[in-house]
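A short worksheet on the structure shown next.
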Amino acid sequence: MQKRPVQRGRPLGATTFDAELAQAFGMAVRALRTERSIAQEMLANLAGIERSHLGKIERGEHMPTLAVIFKIAGALECSTAVLMTSTEDQLTEGKV
């Protein structure tokens, strides 16, 4: 029996992007960042990601991976639970 090659990425036609959720997460990141008086570029450097990528996350244009969520939470010096709770608050308040 032959092994099938592992293909990178999502299967064709698969979509996992949820604009409302991405925007709520971005708003939560921006709120926590500004609350702590951290510039976007500084947060990106602390998290080890590109500033442009962080900007896209904050605008809800990119859905971050789990690894990036952990990096952002670490850079904000909060737990991922705090970040997710803030995201849930943005969704329930209907700010998105």
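Every heavy atom of this structure was used, including side-chain atoms; hydrogens, water molecules and symmetry mates were not.
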Handout entry: Main-chain N/O of S37 paired with T34 side-chain donor or acceptor, under 3.5 Å
Key = no
Practice task
Indicate if I57 and L21 have the same hydrophobic cluster label, given that clusters are the connected sets of ILVMFWY residues with side-chain heavy-atom separations under 4.5 angstrom.
Solution key: no
Problem - Side chains of M84 and F25 in contact at under 4.5 Å (non-hydrogen atoms) - result: yes
Problem - Backbone N/O of V82 and side chain of S86: donor-acceptor pair under 3.5 Å - result: no
Problem - Minimal non-hydrogen separation, A39 against R33, with atom names - result: C-NH1, 3.8 Å
Exercise for the section: Indicate yes or no: at least one non-hydrogen side-chain atom of L32 is less than 4.5 angstrom from one of I72. Expected result: no
Completion exercise
Minimal heavy-atom distance between I69 and L83, with the atoms involved, is O-CD2, 4.0 Å
Exercise for the section: Flag yes if V29 and M63 sit in one hydrophobic cluster, no otherwise; membership is Ile, Leu, Val, Met, Phe, Trp, Tyr, and two members link when side-chain heavy atoms are under 4.5 Å apart. Expected result: no
Exercise for the section: Look up atom OG1 in T87 and atom CD in Q23, then write down how far apart they are to the nearest 0.5 Å. Expected result: 12.5 Å
Exercise for the section: Hey, could you give me each pair passing salt bridge (Lys or Arg N to Asp or Glu O under 4.0 Å) that has a residue in residues 35-56? Not counting sequence neighbours. Expected result: none
Practice task
Taking atom CE of M42 as the centre, report whether more than 12 heavy atoms of other residues, nucleotides or ligands fall under 6.0 Å from it.
Solution key: no
Practice task
Identify, with sequence neighbours excluded, every residue that meets salt bridge (charged side-chain N to carboxylate O under 4.0 Å, His left out) alongside E61.
Solution key: R59
Handout entry: Joint cluster assignment, V68 & I38, ILVMFWY side-chain distance < 4.5 Å
Key = yes
Handout entry: Minimum side-chain heavy-atom gap L43-I49 below 4.5 Å
Key = no
